[in-house]
2 protein chains.
Amino acid sequence: MPPADPPGFELPLLLFAGFRALIDELHAELATRGHPDARPVHGFAMQAIGPAGATASEVGRRLGVSKQAAGKTVDRLAALGYVERVDDPHDARRKLIRLTPLGLDMLAQSAEIFDRLRARWVEKLGAERVTSLESSLRTVVPATGFPVDVPGWFG
Amino acid sequence: MPPADPPGFELPLLLFAGFRALIDELHAELATRGHPDARPVHGFAMQAIGPAGATASEVGRRLGVSKQAAGKTVDRLAALGYVERVDDPHDARRKLIRLTPLGLDMLAQSAEIFDRLRARWVEKLGAERVTSLESSLRTVVPATGFPVDVPGWFG
DNA sequence: GTAAACTCGTCAACGTGGTTGTCGAAACAG
DNA sequence: CTGTTTCGACAACCACGTTGACGAGTTTAC
């Protein structure tokens with residue numbers, strides 16, 4: 001019953017492995033549902049755009065990255081057909097980014113798949129332990145505005 | 001009281017936020033202890049190398065990335081002084097990668113900082129909830145050989 | 001009303017962490 | 001001895017992030 005990892009490393013590794021497991025299964029499943037080119041970053045960005053749309057600068061702020069980085073991600077999303085850019089009639093500088101029906105479908109499918117994956121965790125652990133895990137994490141993570149602050153944390 | 005996030009998205013977001021919080025604090029603290037250029041990837045790679053050393057191909061397999069990618073990471077680690085390459089006398093093709101004293105120091109500091117961060121979680125949640133969180137995750141993540149499979153999951 | 005300040009999107013250059021394909025040299029299996 | 005495998009390296013490429021600069025449009029201050 002060894003702490004196979006040096007004690008300190010286990011907690012971050014477990015969190016990462018849990019996240020990875022969910023994300024990998026999400027994308028494997030998304031691929032079979034008409035979204036083979038979706039990537040983790042796309043989901044984050046599209047949630048930052050939201051149903052009401054947003055500008056690239058706004059997306060950058062919500063995601064904690066530069067507006068240039070957000071702009072490039074929007075380029076890729078647009079190339080995949082997940083979003084479209086629309087001129088803002090009230091401000092000639094701004095270009096509103098809006099989710100396309102394809103983008104909304106991707107988001108809806110993701111939510112449905114995540115629900116299914118969470119249900120699998122409940123099967124293995126019981127509902128009480130899963131809600132306990134969630135509430136523990138909610139307590140300990142610094143509450144950020146949008147979903148989560150996702151800077152260039154690995155680059 | 002709101003499930004501010006669409007229900008399905010919250011669990012992966014919490015896991016990611018928890019991981020991020022630990023990693024960010026680790027590197028902020030590492031920077032003040034003589035390791036300002038350390039990156040998350042470096043820690044993973046150096047753990048894959050291990051105290052006994054390893055070849056680049058081996059590191060790649062343990063990390064779940066190509067030998068070329070592992071080789072490039074080793075290049076960067078070597079440039080920072082964290083590892084060194086040594087010719088293998090028994091096999092002229094192989095070059096053993098070994099942790100330098102600086103590399104070992106970085107790993108030791110990391111373990112110590114992670115212990116401290118975990119202690120902070122225990123302060124907030126109590127020891128029982130933290131061990132419960134860990135055991136829940138251990139149950140639900142597919143046990144991988146090395147620390148964790150870390151492919152090009154975000155790229 | 002005009003001048004200054006700010007904001008938006010974009011372009012360019014670059015760093016880092018991945019990928020595939022190719023290759024010569026060395027080791028191994030028959 | 002010959003064929004297969006493995007090692008490390010090189011090259012080209014992609015995704016995602018960074019700074020810095022810039023023109024154009026909007027806002028604020030005077």
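In what follows, every chain begins at residue 1, and chains take the letters A, B, ... in the order their sequences are listed.
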Exercise for the section: Side chain of A:V65 only, please: which of C:dG9, C:dT19, D:dT18 is the nearest? Expected result: D:dT18
Practice task
Could you walk me through whether B:E10 and A:R138 pass the salt bridge (Lys or Arg N to Asp or Glu O under 4.0 Å) test, one step at a time?
Solution key: CA-CA 10 Å; B:E10 194 183 11; A:R138 237 179 268 119; 2.7 Å; yes
Practice task
Measure the acute angle between the ring planes of B:H42 and B:Y82, then classify it against the limits of 30° and 60° as parallel, tilted or perpendicular.
Solution key: tilted
Handout entry: A:E25/A:R120 ion pair, N-O < 4.0 Å
Key = yes
Exercise for the section: For D:dT18, take OP1 and OP2 only and decide whether either is under 4.0 Å from a side-chain N or O of A:K72. Expected result: no
Practice task
Quickly work out the A:L96 CG to C:dT7 C1' distance and round it to whole Å.
Solution key: 15 Å
Practice task
Would you indicate whether the side-chain heavy atoms of B:R85 and B:V74 approach each other to under 4.5 Å?
Solution key: yes
Exercise for the section: Could you tell me whether the side chain of A:T139 and the main chain of A:S135 form a donor-acceptor pair under 3.5 Å? Expected result: yes
Practice task
Give the nucleotide from the list C:dG17, D:dC16, D:dG8 with an atom nearest to the side chain of B:T55.
Solution key: D:dG8
Problem - Atom-pair distance (NE2 on A:H42; P on D:dA15), nearest Å - result: 8 Å
Exercise for the section: Take the protein atom CZ of B:R20 and the nucleotide atom C1' of D:dG17, then report the distance between them rounded to whole Å. Expected result: 12 Å
Practice task
May I ask you to list the residues of residues 73-93 of chain B, by number, that have any heavy atom positioned under 4.0 Å from an atom of DNA chain D?
Solution key: B:R85, B:R93
Handout entry: Options C:dG17, C:dG9, D:dC7, nucleotide nearest the side-chain atoms of B:R94
Key = D:dC7
Practice task
Could you tell me if the ring centre of A:F19 sits under 6.0 Å from that of B:F19?
Solution key: no
Problem - Of B:S57 and A:K67, the one whose closest DNA chain D nucleotide lies more 5' - result: B:S57
Practice task
Specify the separation, in whole Å, of atom CD of A:Q68 and atom P of D:dT19.
Solution key: 8 Å
Practice task
Please tell me which of the listed nucleotides, D:dA11, C:dC8, C:dG18, lies nearest to the side chain of A:R61?
Solution key: C:dC8
Exercise for the section: Mind running ring-ring contact (aromatic ring centres under 6.0 Å, His included) on B:F44 and A:F9 for me, showing each step along the way? Expected result: CA-CA 10 Å; B:F44 282 104; A:F9 291 92; 9.2 Å; no
Practice task
Check every strand shown and say whether B:A69 touches a base, only sugar-phosphate, or nothing at a heavy-atom separation below 4.0 Å.
Solution key: base
